[in-house]
Q: 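Quick one: this structure, given as structure tokens, is what I'll be asking you about.
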Amino acid sequence: MALPLNYSLRNALVRWRSTIATVLGIALVVFVFVLLQSLAAGIEKSSSNTGDPRNIMVVRKGSTAESASLISRQTLTEIRYFEEIARNENGEPIISADVLVLASLPRRDGSGEANVLLRGVTARGLELRPQVKISEGRWFEAGKREIVVSAKLAKRFANFDIGQSFKTGSATFTVVGWLEGGGSAFDSECWLDADECLSTFERDMYSSFLIQPSDEGAGEKLIARIEADRRFKLKAEKEVEYYRKQTMTAAPIKWLGGFLAVMMSVGAVFAAMNTMYAAVGARTREIGTLRVLGFRRRSVVAALLLEGGLLALVGGVLGCAIAFYWNGYTTATMGMETFSEIVFEFRVTPKLVVEGLVFAFIVGLIGTLFPAIRAARLPVILALKSI
Amino acid sequence: MSANIVTIRSLSKIYQQGDINVTALDKISLDIASGEFLSLMGPSGSGKSTLLHIIAGIDRPTKGECRVQGIDVAKLNESQLADWRNQNVGFVFQTFNLIPVLTAYENVELPLLLTRMNRAERRKQVETALEIVGLADRAKHLPKQLSGGQEQRVAIARALVTDPALVVADEPTGNLDSHSAQEVLGVLRTLSHDAGKTVIMVTHDPKAAAFGSRQIHLEKGELSK
């Protein structure tokens with residue numbers, strides 16, 4: 001039979017100073033763990049929000065990202081007449097040939113320059129990405145040196161207000177609108193006319209094709225056909241699949257989060273251990289009394305573990321609550337795939353909260369285990385004689 | 001007197017202190033009758049507490065036999081001993097040994113948590129035990145809210161709540177003023193006289209020992225009279 005829950009709870013409350021110190025220590029560890037993992041979750045979410053499950057993305061074989069891919073105009077001419085590609089009401093194939101270019105632009109706060117991803121798109125490109133909308137201003141006009149920037153990037157870069165201009169490549173572009181990518185990777189891009197992009201940056205190759213197949217079966221056929229044709233040397237896959245793989249940026253953050261959490265948890269384990277050793281030391285005679293009354297060693301160990309686990313859980317809840325304060329907060333980092341600024345939100349997901357709480361509980365249990373075992377192993381007679 | 005509840009034969013307890021063997025109890029033989037109130041006296045270090053602890057199953061003899069209700073206590077393993085103590089022995093300590101974070105009621109209820117009793121049955125037992133020691137109105141008080149005498153009476157209620165045949169008390173009045181000591185000794189005597197419990201009490205105090213139906217003295221680990 002276990003000792004009553006009241007026993008563990010009230011003991012934790014009685015020595016409230018050390019209880020608070022332990023709770024805060026564990027809260028800090030859980031906060032760092034959850035916050036860093038929420039960064040990674042935000043980056044992953046940004047990638048997974050991007051793409052339409054029907055669309056097919058085509059890049060050069062071997063390229064890890066659109067920005068590192070080059071596809072000739074000749075290839076576009078050949079592919080656009082494939083019968084697997086859907087056509088709009090005018091009979092035109094729904095295929096967008098995009099040009100991606102990195103431009104180094106000054107930050108709004110004057111802290112230097114950072115890379116921004118510019119996407120040259122055609123009218124088809126806008127149709128294929130209906131989740132991208134204009135939040136202020138208007139879309140660029142084909143043939144003009146106009147650009148639409150992400151509203152989130154606009155807060156971070158100089159000259160990104162509507163009506164302002166900036167020079168990049170061999171031309172000066174005027175910002176005519178702000179786009180909203182709906183939490184997708186497009187929130188980290190600036191869009192302009194594909195032909196203007198090609199000429200400004202003296203490019204004669206596209207970066208990627210985005211294609212809408214006529215139906216799902218046609219999509220599968222199209223992927224097989226493009227991949228099999230040795231002339232193209234292209235890689236075709238579903239757009240959502242392509243973006244799902246673009247989560248390399250999250251990997252080092254996740255790793256850092258895990259590493260820091262492990263390092264800090266060692267400290268937290270010792271803090272919990274210190275608290276519980278002190279708690280057990282002060283209660284040696286009490287534990288002896290419980291044993292005399294008939295409570296077995298395992299009951300004593302269980303009660304102490306519960307006490308340590310409860311403290312840690314409270315710390316875990318506190319840590320998660322503090323981390324949740326940042327939920328939805330927008331920040332940016334350099335993308336590992338494109339080396340451009342990518343904007344994303346902290347996402348404290350329910351899974352992360354559960355992981356944080358489990359992590360805290362385990363830290364509490366490990367920190368309590370040794371003091372608890374030591375207390376339970378002490379011979380009853382010695383425990384009773386303890387002052 | 002009825003049959004013996006405790007039978008001790010050639011009982012010895014030798015402690016190892018470094019290279020030296022210290023004999024705490026030396027070949028003691030003793031019978032304690034059921035319902036007896038035995039006062040165990042002797043100077044410090046005479047072995048009286050050691051004898052009490054062996055009888056109560058919280059220490060083990062080096063040699064000899066200690067049977068309580070026919071059971072050789074020394075032969076039980078740790079888990080069996082824990083169960084045996086819970087069912088057969090009530091403990092009263094000099095320093096009361098109440099759990100400070102639990103109320104008087106919860107302290108008395110503790111040994112019952114190890115039985116199969118349901119909540120209602122436990123409540124009835126606890127209330128009866130607290131009434132016997134005259135503290136029914138202090139059930140919700142924490143130990144720190146009670147006087148020393150009241151704390152010791154709560155400890156006695158905890159000792160008798162499982163209805164054990166044997167109650168052992170180690171210097172139960174050692175930390176009490178004379179008035180509280182009289183109250184506690186009165187309760188112990190009532191347990192023996194009226195409830196038929198066997199009470200074994202270790203004490204330095206001759207006045208306290210006088211409450212017992214029999215007194216025995218230990219001197220350097222041996223019975224002196």
Side-chain angles (χ1 to χ4, degrees), chain A residues 1-19 275-276 278-308 310-311 372-387, chain B residues 13 15 24 49-50 52-54 56-61 76-103 105-117 119 122 142-144 155 158-162 164 168 170-171:
Chain A
M1 177 80 185
L3 278 156
L5 183 63
N6 275 348
Y7 174 74
S8 300
L9 273 178
R10 288 183 205 161
N11 266 312
L13 291 176
V14 160
R15 44 195 172 78
W16 59 273
R17 285 187 187 87
S18 61
T19 295
T275 302
M276 292 311 292
V280 167
R283 272 151 56 195
T284 305
R285 193 164 60 189
E286 185 179 310
I287 290 166
T289 305
L290 291 171
R291 299 275 314 283
V292 166
L293 294 180
F295 286 94
R296 295 190 181 184
R297 284 195 170 110
R298 61 169 180 258
S299 300
V300 172
V301 170
L304 292 171
L305 283 179
L306 184 66
E307 198 175 316
L310 281 174
L311 287 191
I373 288 175
R374 193 177 84 160
R377 277 191 176 169
L378 199 63
V380 177
I381 198 76
L382 284 182
L384 282 177
K385 284 178 182 170
S386 162
I387 298 166
Chain B
K13 177 72 182 180
Y15 291 108
S49 288
T50 303
L52 189 77
H53 290 153
I54 290 173
I58 54 179
D59 202 356
R60 291 174 187 275
L76 300 177
N77 65 30
E78 278 296 315
S79 298
Q80 289 168 329
L81 259 184
D83 291 342
W84 179 82
R85 282 197 300 264
N86 177 256
Q87 290 155 18
N88 297 286
V89 190
F91 295 85
V92 182
F93 303 94
Q94 179 177 354
T95 48
F96 325 135
N97 290 25
L98 297 178
I99 307 300
V101 296
L102 301 180
T103 63
Y105 180 95
E106 289 165 337
N107 265 288
V108 176
E109 190 188 23
L110 267 180
L112 296 181
L113 295 176
L114 296 164
T115 67
R116 291 176 187 276
M117 284 185 190
R119 200 184 180 88
R122 292 203 303 267
L142 289 169
K144 67 180 177 190
R158 182 179 66 186
L160 59 90
V161 74
T162 54
V168 297
D170 193 356
E171 301 275 10

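Nothing here was measured: the structure is a model prediction, and the numbers come from that model. Proteins come first, then strands; the chains are lettered A, B, ... in the order of their sequence lines, and each starts at number 1.
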Q: Taking the side chain as every heavy atom from C-beta outward, state whether B/Ile58 and B/Val89 have any atom pair closer than 4.5 Å.
A: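 When only atoms from C-beta onward are counted, B/Val89 and B/Ile58 do not touch, as no gap falls below 4.5 Å.
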Q: Which residue out of B/Asn97, B/Asn86, B/Asp83, B/Leu81 racks up the most heavy-atom pairs below 4.5 Å with chain A?
A: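 Highest number of heavy-atom pairs under 4.5 Å: B/Asn97.
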Q: Heavy-atom cut-off 4.5 Å, strictly under: side chain, backbone, both or neither for A/Leu9 against chain B?
A: neither
Q: Any idea which heavy atoms bring A/Arg291 and A/Ala376 closest together, and the distance?
A: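 For A/Arg291 versus A/Ala376, the nearest heavy atoms are NH1-O, 3.1 Å.
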Q: Report yes if the side chains of B/Leu98 and B/Arg158 come closer than 4.5 Å at any heavy-atom pair, otherwise no.
A: yes
Q: Between B/Gln87 and chain A, with a heavy-atom cut-off of 4.5 Å, which part of the residue counts as in contact: side chain, backbone, both or neither?
A: neither
Q: Let me know if A/Arg283 has heavy atoms under 4.5 Å from chain B in its side chain, its backbone, both or neither.
A: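 The answer is neither part of A/Arg283.
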Q: With side chains defined as the heavy atoms from C-beta onward, is the minimum distance between A/Leu13 and A/Thr19 less than 4.5 Å?
A: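 No; the side chains remain at least 4.5 Å from each other.
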Q: Side chain, backbone, both or neither: which part of B/Glu106 has a non-hydrogen atom closer than 4.5 Å to chain A?
A: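 The side chain, not the backbone.
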Q: Side-chain contact, heavy-atom cut-off 4.5 Å: B/Leu102 with A/Arg10?
A: yes
